[in-house]
Amino acid sequence: CYADIFAACSPGDPAPLAETSHDLTVRAREIKGAAYYLDAAHSGICEIPADAWLGDAHPHSHAVVIWVAHGRSPEADNIASRWLEGAAGEIARMRALEIGISLKGHIRALGFRAECHYAGATAIDIDRMSLLAGVGILRDREVVSPFIGSGYAPLVVTTDYELAIDHPIADNASVGGLRYWLGINGAESGRERNRQARRASHLSRYPMEQVDRVDSPTTLIFDDEVPRVPKRAEFFQRARMGDLGDKAQQEVRRFAFKHPLTDGMMYPLRAMVPHQDGETAAPVDGFDDAEANTKAIKALSYHLGADLTGICEVPRYAWYSHDGQGKPIEMHHKYAVVMLIDQGYDTMEGASGDDWISGCQSMRGYIRGAEIAGVMAEFLRSQGIDSRPQTNADSEVLQIPLVLLAGLGELSRIGELVLNPFVGPRFKSVVLTTNLPLVPDKPIDFGLQTFCSNCLKCARECPVNAIPFGDKVVFNGYEIWKPDVERCTRYRVTNPKGSACGRCMKTCPLNKVVTADGALVHRIGTWLGVNARFLKSLMVPIAVYLDDKLGYGTRNPIKRWWQDLEIIDGVARKPKGTNERDLNLEADTTGRKSPVGYYHASDMPPPNAKEPVATSHKAAIERATLVETVDAARKRHADRGQTPPHYIPTATLD
Ligand code: SF4
Ligand code: SF4
C-alpha cells in the first residue's frame, strides 16, 4: 500500500530551469550521491538506446538505475517470518519507489522531466538498463549483483536531464576479493555485511545488548510533576503561528525544503500523512505472547530499515495534552515502539551541519521513519490491533522521553536530544504507539553524563550559543542541560546561508562510524566507553582534545556530492552564500556572553491560541531565576514540597 502511495505522488511539471552545473560529472555525482544517501545498494547511469523503450514513445535520453537490497529475513521461529512471507521483494520495491520519487522530484525542481519505471509499471527494459548502467551482470540469464546477488528490487528513473554515464561491468571483471572484504575502497565491506547477516533478526546492527541497563534513566524525571504540554507550545509550531515574528513565520514554511532534493522528498513525505490514522479490523488470534511479539516487531522494524529499535510503556507526560488545533489528545495506546534512523555519517562528514544539505539530512530520517512506522501500523491495524505511527509530520507524543525510556540513549548536553552509544546524536526518531502486548526495554547507562560534563564541543560549535556551557538544571520536572529553544529554532528556520541546522550533531565527538568498517581507534573508544566506564572521567578530556586535534568536526570534501542550490520563488538558484564552517577553537566557552532563555510551562501559549503569542527572549533569560538546581529539586521533591507553579501550563482560551 505504501508503494502505491509513493507511486501516486506527482511532483508535476518541471520548474523553471535551475542554475544547475553544466558539468555532467557534477550532475551525475549529485544524482547518484542522493540515491546512495537514501540507501540504494547500487546506482548507475546510462544513455537510453531507442530499442530499450517498450513502446513507440522515446521521451527521455538518460536512465538512472537504482537497486534496493532486500531486508534481513527473520528466523523461522520468529513470528515475523510469517508476517513477512513473500513480502521482501515488495518492501524493497517500496523503498526503491521512495528513492525514485524523491529523485524525480529533485530533477523536476532542476527544471527537467523525469519518470519512474519499476516492475509492473514500466515503459522501458529495466534489466537492460541495469546492465548498461554497470549495476548488474548477467548470470544464467538473470541480472544479478556481484555483491548482493538476486535479492534486490530495481527501479529506473528516465529523464531528459543530461548526465555523465557509467559503463557496463566487463565480463571478466574481478569483484569481491580482499579489497572488498576489508573495505579498503571505502565501500561497505564484505566483512561488515557478513557480520550483520550473522546477527539475529530482532537485534540491530549495533550491539545494544552489551550496554548496561538500569531501572530508571540516568537523568532524573519527576514523573508526578512533569506537565503534559500542548503542541501549540512546540517551537516550530510557534514559528508557524507567528510567535517568533513575520520573518520566522514566512521562512518556517520552506526552511527544510530549500534544496531541490528536499523539495523532491517533500512529495512522498506529505503523501503519507493522511494514512497515519485508519480503521482497526476485528482482532485475530496469534498476538497474545508479549515476548514473541517483541522479537517479531523488532525484526519487522529492522527488515523495513530502522537502525535501532527499543520499546517502552508510554508515560502520561509523553502524550501531548492538545493537538495543533487545541483539541485534547487521548492517551490511547499502552506501548511505544521507538525507532531511530541514522542520518548518514558520510554526508554529515562532508557538510558543515548548517549548509544547504542540512535540511535534507533531517528529511531523510523523517521520510524513512514515517514509512517504517506507517507500514507497521497498517499491518497491526489489519490484524485488529489499534496502532498509530507518530511521525515528524504529525505526532501525538513527545519523542525524546520515549527514546530515553526505550533504552536507546541518554540525555546529552545538546539538551533536547538523547544520544546513542553507537550512532551518537546522528539520528531522527519515529514512534509507533500500539496496544500490541510487548515487553519493554530498560533505559541504558553508558556514562554519557560524565562524558557531556567534561565536553563542551557542541556548545562551542553551535552558531548561536543555544547550548548551555554550565551544569544541568531541573526544567519542567526533567534533569537536563536546557538549551535555548528560541535561539535554536530561529536559526534553523531563518538560516540565510543554508537549510536548517544540525551542527551540534555533526561536531559531537560521538558522531563516528563504529561498525566493522569504522576506524579501529573509534571502535576501541566506543568499546571502552561502553565497557570500561570507570575510565571515563580520565578518558574524556583526552578524547575531546584529540578529537579537535585530529580535525574531527571539519568538513571532508571527498564526501561532498551535492550542489549548493536554493529554491527561491520556485527556481533553484546559486545561493548568495554558504556556511563554510569548520572548528571554532577560539570560541568563548564560559557562556557568560550568552545566557540561555527558559520557556516554562506557565509561559506557553494557550493550547488553542490562533493568534500570535509573541515570545520575549529577554524575559526568557530573566526567568532563569525560576529554575532549580538538581540538588534543590531533588530535596524539595523528597521533602514533598509543592510542585513549582511555573510547571502549570497556560490554560485553554474560552
Ligand atoms: Fe545550535 Fe544548530 Fe544545534 Fe540548534 S541545531 S543547538 S542552532 S548547533
Ligand atoms: Fe556531549 Fe560533547 Fe557530544 Fe555535546 S559534543 S553532546 S557535550 S559528547
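Note that ligands are numbered from 1 as they come in the structure, with each ligand's atoms numbered from 1 the same way.
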Residue-atom pairs from the protein, N, O or S only, that lie under 2.8 Å from atom 2 (Fe) of ligand 2: Cys455 SG
Proximal ligand 1 atoms for Cys462, defined as those under 4.0 Å from one of its heavy atoms: 1 (Fe), 6 (S), 7 (S), 8 (S)
Closest heavy-atom pair and its distance - Pro483, Pro468: CA-CD, 3.9 Å
Check: Glu410 side chain, Thr218 main-chain N or O, donor-acceptor pair, under 3.5 Å: no
Numbered atoms of ligand 1 (with element) below 4.0 Å of Ile467, judged on heavy atoms: 6 (S)
Element-labelled atoms of ligand 2 that are located less than 4.0 Å from some non-hydrogen atom of Ile414: 6 (S)
Value rounded to 0.5 Å, distance of CG in Asp588 from NZ in Lys593: 4.5 Å
Centroid-centroid distance, Tyr599 to Phe235, less than 6.0 Å: yes
Arg238 side chain to Val613 backbone, donor-acceptor under 3.5 Å: yes
For Leu419, the ligand 2 atoms whose distance to one of its heavy atoms is below 4.0 Å: 6 (S)
Atoms of ligand 1, numbered as shown, that sit under 4.0 Å from any heavy atom of Val464: 7 (S)
Audit row: Glu234, Lys231, salt bridge (Lys or Arg N to Asp or Glu O under 4.0 Å) steps and yes/no: CA-CA 5 Å; Glu234 190 273 322; Lys231 288 182 88 166; over 6 Å; no
Six-ring centre of Tyr37, Arg364 cation under 6.0 angstrom, axis tolerance 45°: yes
Heavy-atom nearest neighbour in the protein, as seen from atom 4 (Fe) of ligand 1, with distance rounded to 0.1 Å: Cys488 SG, 2.4 Å
Ring center gap for Tyr598 and His646 short of 6.0 angstrom: no
Row check, Tyr552 ring normal vs Lys512 NZ/CZ: under 6.0 Å, within 45°: yes
Distance from atom 2 (Fe) of ligand 1 to nearest protein heavy atom, with residue and atom: Cys501 SG, 2.3 Å
Metal proximity, Cys504 vs atom 1 (Fe) of ligand 1, N/O/S cut-off 2.8 Å: no
Heavy atom of Pro483, distance to ligand 1 below 4.0 Å: no
Ring centres under 6.0 angstrom apart (Phe257, Tyr267): no
